[in-house]
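Notes for the one structure printed next.
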Amino acid sequence: MIRLAHFFFYTYVGLVILAGFWGAFVNPAWDMKVMFSVDLGQLSPDSAINLMSQYRFLRALELGFGIVSILFVGRIFSEESYWRLFLLVMGLGVLARVFSWFFDGNPNLLTKFFLFYEAIGWLIIWKAGLNKIQKTASDGN
């Protein structure tokens, strides 16, 4: 179980880092065009600037979460408080995708793929951590 949890952890966090860096510092306009079909040239200059600023900010937060996750991977898989915090942040992302599906409409297949991949990864990381916590508790008694 722990190997599978590590697989999902590293693939999820790796993509979070890559997408965060790309969207914050490399080519967010490409994201807008390819991922969202938004042509920034069709927006007013103020709207385009504000949208890009907010998008870069959110992608930078994503990058930061990925970096923190890599730096604390040992603790995430060994200390309950770090495990819970990681799962909280990851789970909020999954919950936001589900919330959006219900309130904003049916997303495309790529977005659905990420939703299910992240949800499965969350469950596997949760179960691996739970197993470790239960084993630690039983070893202590």
Side-chain angles (χ1 to χ4, degrees), residues 1-140:
M1 177 66 74
I2 195 69
R3 284 182 191 251
L4 191 56
H6 279 138
F7 171 80
F8 276 96
F9 175 86
Y10 283 110
T11 55
Y12 168 76
V13 169
L15 189 56
V16 163
I17 289 171
L18 181 64
F21 184 76
W22 175 270
F25 303 111
V26 178
N27 198 347
W30 182 87
D31 280 8
M32 291 292 152
K33 186 172 185 169
V34 173
M35 292 175 51
F36 308 120
S37 301
V38 172
D39 180 0
L40 294 171
Q42 298 294 318
L43 303 176
S44 72
D46 285 347
S47 293
I49 290 167
N50 290 332
L51 177 63
M52 293 305 290
S53 176
Q54 185 65 16
Y55 187 74
R56 286 178 189 270
F57 170 78
L58 293 172
R59 285 298 197 172
L61 288 177
E62 184 177 22
L63 172 61
F65 175 64
I67 291 169
V68 167
S69 297
I70 290 295
L71 291 175
F72 291 101
V73 63
R75 289 185 171 176
I76 290 167
F77 282 96
S78 66
E79 296 180 32
E80 185 176 355
S81 60
Y82 283 82
W83 168 73
R84 287 182 184 277
L85 180 60
F86 175 81
L87 287 176
L88 173 67
V89 175
M90 184 181 182
L92 287 171
V94 173
L95 184 61
R97 288 191 191 275
V98 171
F99 186 88
S100 178
W101 192 345
F102 283 105
F103 290 97
D104 302 325
N106 192 19
N108 65 24
L109 286 177
L110 184 60
T111 302
K112 288 177 187 169
F113 169 79
F114 285 120
L115 166 63
F116 290 109
Y117 190 86
E118 292 160 359
I120 290 166
W122 187 95
L123 287 169
I124 290 169
I125 294 166
W126 171 77
K127 181 64 175 160
L130 190 62
N131 288 347
K132 182 170 181 74
I133 290 164
Q134 289 171 342
K135 181 180 181 322
T136 302
S138 66
D139 289 347

**Request:** Determine the minimum heavy-atom distance between Met52 and Ala29, stating which atoms define it.
**Result:** CE-N, 3.6 Å
**Request:** Measure across Ser69 and Val13 and return the closest heavy-atom pair with its distance rounded to 0.1 Å.
**Result:** CB-CG2, 3.8 Å
**Which residues share a side-chain contact (heavy atoms from CB on, under 4.5 Å) with Trp122, sequence neighbours left out** = Leu87, Met90, Trp126
**Message:** Going by side-chain contact (heavy atoms from CB on, under 4.5 Å), name the residues that satisfy it together with Leu71, two or more places apart in sequence or in a different chain.
**Reply:** Ile67
**Request:** For Ile120 and Phe8, work out which heavy atoms get closest and say how close.
**Result:** CG2-CZ, 3.8 Å
**Euclidean distance, Leu58 CG relative to Leu63 CG, rounded to 0.5 Å** = 12.5 Å
**Asked** What residues, two or more places apart in sequence or in another chain, satisfy ring pair (Phe, Tyr, Trp, His ring centres under 6.0 Å) together with Phe57?
**Response** none
**Partners passing side-chain hydrogen bond (donor to acceptor under 3.5 Å, both in side chains) against Trp22 (at least two apart in sequence or in another chain)** = Asp31
**Gap between atom CZ of Phe72 and atom CD of Glu79 - 0.5 Å precision** = 9.5 Å
**Message:** For the CE atom of Met1 and the CG atom of Leu130, what is their distance to the nearest 0.5 Å?
**Reply:** 10.0 Å
**Complete:** Residues at least two apart in sequence or cross-chain that pass side-chain hydrogen bond (donor to acceptor under 3.5 Å, both in side chains) with Asp104, listed by chain then number, are Ser100
**Request:** Not counting sequence neighbours, which residues clear side-chain contact (heavy atoms from CB on, under 4.5 Å) with Ala24? List them please.
**Result:** Arg59, Ala60
**Request:** Go through the structure and list residues passing salt bridge (Lys or Arg N to Asp or Glu O under 4.0 Å) with Arg56, not counting sequence neighbours.
**Result:** none
**Message:** Please give me the minimum heavy-atom distance between Ala5 and Ala128, naming the atom from each residue.
**Reply:** CB-CB, 3.6 Å
**Request:** Determine the minimum heavy-atom distance between Val98 and Leu115, stating which atoms define it.
**Result:** CG2-CD1, 3.6 Å
**Phe7 vs Ile124 side-chain heavy atoms within contact, under 4.5 Å** = no
**Complete:** dist Leu51:CG -> Leu43:CG (nearest 0.5 Å) comes out at 6.5 Å
**Residues that Phe21 engages under ring pair (Phe, Tyr, Trp, His ring centres under 6.0 Å), provided they are two or more places apart** = Phe25
**Asked** Is it true that Phe86 and Phe65 have ring centroids separated by less than 6.0 Å?
**Response** yes
**Prompt:** How far does CD of Glu62 sit from CG of Leu18, to the nearest 0.5 angstrom?
**Reply:** 9.5 Å
**Request:** State which residues pass side-chain hydrogen bond (donor to acceptor under 3.5 Å, both in side chains) with Tyr117; sequence neighbours excluded, sorted by chain then number.
**Result:** Thr11
**Request:** State which residues pass side-chain hydrogen bond (donor to acceptor under 3.5 Å, both in side chains) with Ser47; sequence neighbours excluded, sorted by chain then number.
**Result:** Ser44
**With sequence neighbours excluded, residues passing side-chain contact (heavy atoms from CB on, under 4.5 Å) with Thr111** = Arg97, Pro107, Asn108
Donor-acceptor contacts, no H, no angles, side chain residues 32-40, under 3.5 Å, sequence neighbours left out:
{"residue": "Asp39", "atom": "OD1", "partner": "Gly41", "partner atom": "N", "Å": "3.0"}

**Message:** For Trp83 versus Gly129, what's the shortest heavy-atom pair and its separation?
**Reply:** NE1-CA, 3.4 Å
